[in-house]
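A short write-up of the structure that comes next.
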Amino acid sequence: MRTIEQYLPDHPFFAGLGADAMALVSGCATNVSFATDEFLFHEGEPADRFFVIRRGRVAIEVHAPAAGTVVLDTADAGDIVGWSWLVPPYHWLFDARAVEATGAIVFDGRCLRDKCEEDPRMGYELSRRVIRVMSDRLVASRVRLLDLYGATGAGHAAPR
């Protein structure tokens with residue numbers, strides 16, 4: 001397995017950040033692993049990290065009182081999980097659970113926020129990339145919800 005410093009420059013999320021920024025980002029990262037059904041984080045807890053999935057699969061879930069646990073999206077090798085570390089008040093909005101044995105790189109969110117404050121250019125670049133992850137996750141969640149509930153929910157007209 002490649003080291004974090006070897007892996008990150010080839011990952012699309014980090015590609016093009018530059019050597020100095022990569023060194024700063026890598027300094028906030030460690031390798032972790034999760035057993036099947038182990039949670040990476042829970043809704044409402046402080047969001048102080050994010051993950052790059054190296055192997056395995058993670059379900060992004062929300063608990064709905066009427067429906068129980070609903071999987072909004074899944075993340076596989078190469079995917080990014082977690083963006084709440086960058087958005088105040090820094091609390092998780094969902095649960096993330098390993099649905100199979102999962103290896104990941106975890107980034108300390110506070111460490112990265114501090115580095116972004118010190119280097120606004122890097123902060124801007126990371127923010128742009130996180131916004132892309134947020135957008136992709138929202139689109140995937142929308143598609144999943146449309147699959148679950150149909151294009152027209154009860155009492156709602158179809159979009160034009």
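Not measured: the values here are computed from a predicted model. The figures here come from the full heavy-atom set of this structure, side chains too, leaving out hydrogens, waters and symmetry mates.
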Parallel, tilted or perpendicular: ring planes of Phe41 versus Trp92, cut at 30 and 60 degrees: parallel

Under 3.5 Å donor-acceptor, Glu118 side chain and Lys115 backbone: no

Nearest-0.5 Å distance, CG of residue Asp136 to CD1 of residue Ile80: 10.5 Å

Nearest heavy atoms of Ala75 and Asp79, plus distance in Å: CA-OD2, 3.3 Å

Sidechain N-carboxylate O distance under 4.0 Å for Arg55, Asp76: no

Cluster link Val87 to Leu40, ILVMFWY, side chain under 4.5 Å: yes

Nearest-0.5 Å distance that lies between atom CG in Leu93 and atom CE in Met134: 8.5 Å

Asp108 and Arg49: CA distance, side-chain angles, deciding distance, side chain to side chain contact (heavy atoms under 4.5 Å, CB included) verdict: CA-CA 5 Å; Asp108 181 310; Arg49 60 200 180 278; 6.0 Å; no

Gln6 atom CD, over 12 foreign heavy atoms within 6.0 Å: yes

Side chain His91, main chain Pro89, donor-acceptor under 3.5 Å: yes

Rounded distance (nearest 0.5 Å) linking atom CG of Asp48 with atom CG of Leu112: 11.5 Å

Ser135 side-chain N/O to Ile131 backbone N/O, donor-acceptor pair under 3.5 Å: no

Any Val99 side-chain heavy atom under 4.5 Å of Thr36 side chain: no

Sub-4.5 Å side-chain heavy-atom contact between Phe13 and Val52: no

Geometric class of the Trp83/Phe94 ring pair [parallel <30°, tilted 30-60°, perpendicular >60°]: perpendicular

Under 3.5 Å: donor-acceptor pair, side chain of Thr102, backbone of Glu100: yes

Minimal non-hydrogen separation, Ala35 against Ala98, with atom names: O-CB, 3.5 Å

From CD1 (Ile105) to OG (Ser26), nearest 0.5 Å: 8.0 Å

Check: His63 main-chain N/O paired with Thr69 side-chain donor or acceptor under 3.5 Å: no

Validation row: Ile60, Val71 side chains within 4.5 angstrom (heavy atoms): no

Flag if over 12 foreign heavy atoms under 6.0 Å of CG, Asp20: no

Any side-chain heavy-atom pair of Val58 and Thr74 under 4.5 Å: no

More than 12 heavy atoms of other groups within 6.0 Å of Tyr124 OH: no

CA sep, side-chain torsions, deciding dist, call: Val130, Trp85, side chain to side chain contact (heavy atoms under 4.5 Å, CB included): CA-CA 10 Å; Val130 169; Trp85 66 275; 3.8 Å; yes

Interatomic spacing from CZ in Arg57 to CZ in Arg97 - rounded to 0.5 Å: 11.5 Å

Electrostatic pair Arg129-Glu125, nearest N-O below 4.0 angstrom: yes

Spacing of Cys28 atom SG and Arg113 atom CZ [to the nearest 0.5 Å]: 10.5 Å

same_hphob_cluster(Val106, Phe39) at 4.5 Å side-chain heavy-atom cutoff: no

Any donor-acceptor N/O pair, Arg137 side chain to Asp73 backbone, under 3.5 Å: no

is_close_aromatic(Phe107, Phe14), centroid dist under 6.0 Å: yes

Student check: side-chain heavy atoms of Glu61 and Leu72 closer than 4.5 Å: no

Tyr90 six-ring centre to Arg110 NZ/CZ under 6.0 Å and within 45° of normal: no

